[in-house]
Amino acid sequence: MSGFPDDIPFFDEDDPTPPPPAAQKPSGIAARAMAARSGGPDTRYLDALNPEQRLAVETTEGPVLVLAGAGTGKTRVLTTRIAHILASGRAYPSQILAVTFTNKAAREMKMRIGTLVGEAIEGMPWLGTFHSIGVKILRKHAELAGLKSSFTILDTDDQIRLMKQIIQAEGLDDKRWPPRQFAQMVDGWKNKGLAPKDIPEGDARAFANGKGRELYAAYQDRLKTLNAVDFGDLLCHPIRILRDHPDVLADYHRKFRYILVDEYQDTNTAQYMWLRLLAQRPKSTEPVNICCVGDDDQSIYGWRGAEVDNILRFEKDFPGAAVIRLERNYRSTAHILGAASHLIAHNEGRLGKTLFTEQSDPDDPKVKVHAAWDSEEEARAVGEEIEALQTKGHALNDIAILVRASFQMREFEDRFVTLGLNYRVIGGPRFYERMEIRDAMAYFRIVAQAADDLAFERIVNVPKRGLGEASVRQIHDVSRMREATLLQAARDLVGTEEMKPKPRASLRTLVDNIERWQGMLDRTPHTELAEIILEESGYTDMWKNDRSAEAPGRLENLKELIRSMEDYDSLRGFLEHVALVMDAERDEELDAVSLMTLHSAKGLEFPTVFLPGWEEGLFPHQRALDEGGRSGLEEERRLAYVGLTRAKRNLHLWFASNRRIHGLWQSTIPSRFLDELPEAHVDVAEESNSYGGYSAGQPGRPNPYGKSRFDDQPAFSNSYATPGWQRAQKNRTEATTRNWGNRSGHQVERIGYGEADSGYGAGRGSVKGRVIEGELVAKSVSDTPSSFKVGDRVFHLKFGNGNVAAIEGNKLTINFDKAGQKRVLDGFVERV
DNA sequence: GTCCGCTACCTTTTT
DNA sequence: GGTAGCGGAC
């Protein structure tokens, strides 16, 4: 989403002089750092390290793999290593390539290196995300990829809209072949570095009756004409450039003396290829100074193309590599580490690390496992516990709730709202993804880069100005005929009689406006221009006249957008920033509980952590099991490991016996991961309102640990047919029975809560109203028509006799004689 | 051209 | 049960 002038200098911040031999005196930061130590070398920064960390920092030459367990000081090692390379005069800042995955990580590294070296570093031009460095390379060599250096970066939304156009242009039905799905396929290919001609036949055939390859090629063509790239291209184009142009590659080889990679376990194939190209010097015996830092146990992004194998294979890829393990943990208590280590040990195919701590205190609390009747009670109990902590003076900022899936957040939010407890959701819809922001940005884009057709399309009728589908089609036709941009086509069209007077007039106003704004681009301060655009286009008015609840917030966001533009010195600079840096900072002032998914919690830590929803089907997620088999399960287990290791001191795991899944209440069984925790470090909470123990047959006690009850499944190819699943089903029945046995006792308590709690129990009846309308079964929803007929007399284990009133797939609506009307799965009733 | 109601979805997410 | 996105009605 950004335009860039062709003449922008890319390497101006780089040192133009040839690289110094290590002994020679460097300039810039390194020189300052060296100058600072008048006597012997000032290596005080090394004193803060433990022996392993120090080894990782001082092994500067040759390939190094640092296996850094959770909380072992990974970032410290990375930043100190860079500081060390600089301070010892081994390289200029511009000769170090340091890649991260997120902007946040890059920012943090920059800051910490700055602190170590004693000055803010302006001079680390090659520290950034894979994507931002990709942009940099691509802008410099755009013509080698058939682009102009002013290319635009499309985000996912633009990408999907473009795909839609292409699918329709091919005469295909976009219902049958959803653009979103195709975008995902293309993403997958790009993650593997595959061009249209490289994709496997099977893949090509899988979409649109074998048209997958053509569509992909058409999409790439279209991008080229638009002078645009998507996120995947930011990796793929540089790879192709480096591979096809040895002279260019050689330049970068000369340039980068040290390469550092953060979170190496998350790299995908394309990123791996990119790194290999830059790191390997085929015709030289010169050692490759590449240092990858990562933790195979925290690889949780396989589903988006990350290859754990990259880290597992490192020693083969880089012969003679030093492998350094960081296992000394500074974050968590021995109980938490014990639990996490024991859990992760159930995974195969890991490099193997065991975290330990030297700070052990007999007072440390064990990991607590809690049972709740259902997800509402889970939220309520966690809320109470947090209130209790707050009363004791615990800061809410020190507390986090980490969920497997974002729908779980709702109940906690609801609960916190009623309690008046401050909370913040991390990782929700991002600022720059909001509609109003994207609209405004589209206006800025079309002004900054007139060829940005996608931007033009987005705003042509926002606010509504009577330019609907018909008008847009006309513009498109002209644009195709004349091979002109949409804006040019629109300009031409208003000069003819082709449009009806009304749309023509409003299109003329729009085009006039855009051209006027373009004329102002270089003469008007960009924040001022931005305000003018939003004002004159009628965009601000649109929201001012909107009476919906969100409108004021949207206006506020627009103001915030303008405010944030002040940090950049031009509209173009701002657009470039936004294309890549899609995050907004959080409000640090507020004392609030953090609520987020396990995925977004990676890298964070909190004194107190709640992990709700440890149930089969949710965590591990059924879909991970179905689609990922054994490796899917292992990734879920790593996710559990990530969750556990976020906690510093207090760790609470929860599971509920009943949860609403796709609208139906289902009975659930505790997660197998609970069985995989070591008894020695875990306490099962015996709350007054607890609903029985979590382990089949041993209420209140964990299973003897070691082998999980699911462990000896050969494979999960069809998880429902495996002995493990059968057993799970059996256990499930036992658990359910037990829960039902307990039920009435809890119901009383529940009703007490229920009265105070708005609408609690309403619609689900009173005492008998805690309806379990199904159970965690494989086919909770199925297209297979039920064998029942309307009017059939049936029997249900819990609800008794009734008549089938309606059938929807395998879901039956039954009028029970005593329990009233319920919807249940057909597997739970039998004909009588 | 716009609005509303129905249907199909429903894991995780960065750039 | 909640929502997004599409198609039909005005």
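Just so we're on the same page: letters track the sequence lines, and every chain starts at 1.
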For nucleotides 1-14 of chain B, 5' to 3', base contacts (B), sugar-phosphate-only contacts (S) and non-contacts (-) with protein non-hydrogen atoms under 4.0 Å give SS-------BBBBB
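Of the candidates K602(A), R304(A), R638(A), D266(A) forms a salt bridge (Lys or Arg N to Asp or Glu O under 4.0 Å) with just one, namely K602(A).
Taking Q265(A) as the reference, E263(A) meet the side-chain hydrogen bond (donor to acceptor under 3.5 Å, both in side chains) condition, with sequence neighbours excluded. Shown here are the side-chain hydrogen bond (donor to acceptor under 3.5 Å, both in side chains) partners of T597(A), two or more places apart in sequence or in another chain: S600(A). Partners of F619(A) according to the ring-ring contact (aromatic ring centres under 6.0 Å, His included) rule, which considers only residues two or more places apart in sequence or in another chain, are W614(A), F673(A). For S132(A), the side-chain hydrogen bond (donor to acceptor under 3.5 Å, both in side chains) partners two or more places apart in sequence, or in a different chain, are T129(A). Legend: residues meeting side-chain hydrogen bond (donor to acceptor under 3.5 Å, both in side chains) with E411(A), ordered by chain and number and at least two apart, are S375(A). Y301(A) meets the ring-ring contact (aromatic ring centres under 6.0 Å, His included) test with W303(A), H599(A); sequence neighbours excluded.
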Using a cut-off of under 3.5 Å, enumerate the N/O to N/O pairs linking the protein to nucleotides 6-10 of chain C.
residue	atom	partner	partner atom	Å
dC6(C)	O3'	K175(A)	NZ	3.3
dG7(C)	OP1	K175(A)	NZ	2.1
dG7(C)	OP2	K175(A)	NZ	3.4

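In this structure, dT12(B) is classed as anti because its glycosidic torsion departs from zero by more than 90°.
Using atom P as the reference point in both dG5(C) and dT12(B), the two lie 16 Å apart (nearest Å).
Among residue pairs with one or both ends in residues 460-474 of chain A, those qualifying as salt bridge (charged side-chain N to carboxylate O under 4.0 Å, His left out) are E469(A)-R473(A); sequence neighbours excluded.
In this structure, the CG atom of N658(A) is 16 Å from the C1' atom of dG1(C), given to the nearest Å.
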